[in-house]
J.: 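Structure in structure tokens, see below.
Keep in mind that this is a model prediction, so the values were computed, not measured.
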Amino acid sequence: MALPELTRMPWSPVGKTKEMSMRPMFLPEVEHSNPSGPYAHLINELQAAGDPVPQIMRLFAYKPEQNNFLSRFTQGVMRGPSPLPAGFRELIAAFTSRRNDCLF
């Protein structure tokens, strides 16, 4: 099985700092909203450090009360009991995200 081409990246360095920019979301209201809930502090820390914020975090922080189930489900799939080690599940998720042209 051939590996996917990894030359295109959904983010690109800005200047010579570690600051990164990501492609805009299709939901600017989500991307530009004030984060709340359990992901708010992570988003604020990433922004303060000049690091890119994964867009799934922005979704979880947009309406945390509606996204609580999705967040718990994701953590259960990635960290819960499984015959596959968590690192292997991360690798599968990263590969799938890359195939979907999505920064993981």
J.: Tell me every residue that passes side chain to side chain contact (heavy atoms under 4.5 Å, CB included) with P38, counting only those two or more places apart in sequence or in another chain.
T.: P64
J.: Can you tell me which residue pairs pass the salt bridge (charged side-chain N to carboxylate O under 4.0 Å, His left out) test with a partner in residues 68-79, sequence neighbours excluded?
T.: R79-E90
J.: When rounded to the nearest 0.5 angstrom, what distance separates CD1 in I56 from CG in N67?
T.: 8.0 Å
J.: Can you check whether V53 reaches E31 side chain to side chain, under 4.5 Å on heavy atoms?
T.: no
J.: Does any non-hydrogen side-chain atom of E65 lie less than 4.5 Å from one of N68?
T.: no
J.: According to the ring-ring contact (aromatic ring centres under 6.0 Å, His included) rule, which pairs have a member within residues 73-92, sequence neighbours left out?
T.: none
J.: For residues 32-43, which residue pairs pass the side-chain hydrogen bond (donor to acceptor under 3.5 Å, both in side chains) check, not counting sequence neighbours?
T.: Y39-S71
J.: Could you tell me which residues satisfy side chain to side chain contact (heavy atoms under 4.5 Å, CB included) with V30, sequence neighbours excluded, listed by chain and number?
T.: M25, L27, R58, Y62
J.: Using side chain to side chain contact (heavy atoms under 4.5 Å, CB included) as the criterion, list what pairs up with Q66, not counting sequence neighbours.
T.: K63
J.: Would you say that N44 contacts P35 through its side chain, given a criterion of any heavy-atom pair below 4.5 Å between the two side chains?
T.: yes
J.: With side-chain contact (heavy atoms from CB on, under 4.5 Å) as the criterion, how do V77 and R89 come out once you've worked through the C-alpha distance, each side chain's angles and the decisive distance to 0.1 Å?
T.: CA-CA 8 Å; V77 168; R89 289 180 270 173; 5.5 Å; no
J.: On a heavy-atom basis, which atom in L46 and which in P52 lie closest, and how many Å separate them?
T.: CD1-O, 3.9 Å
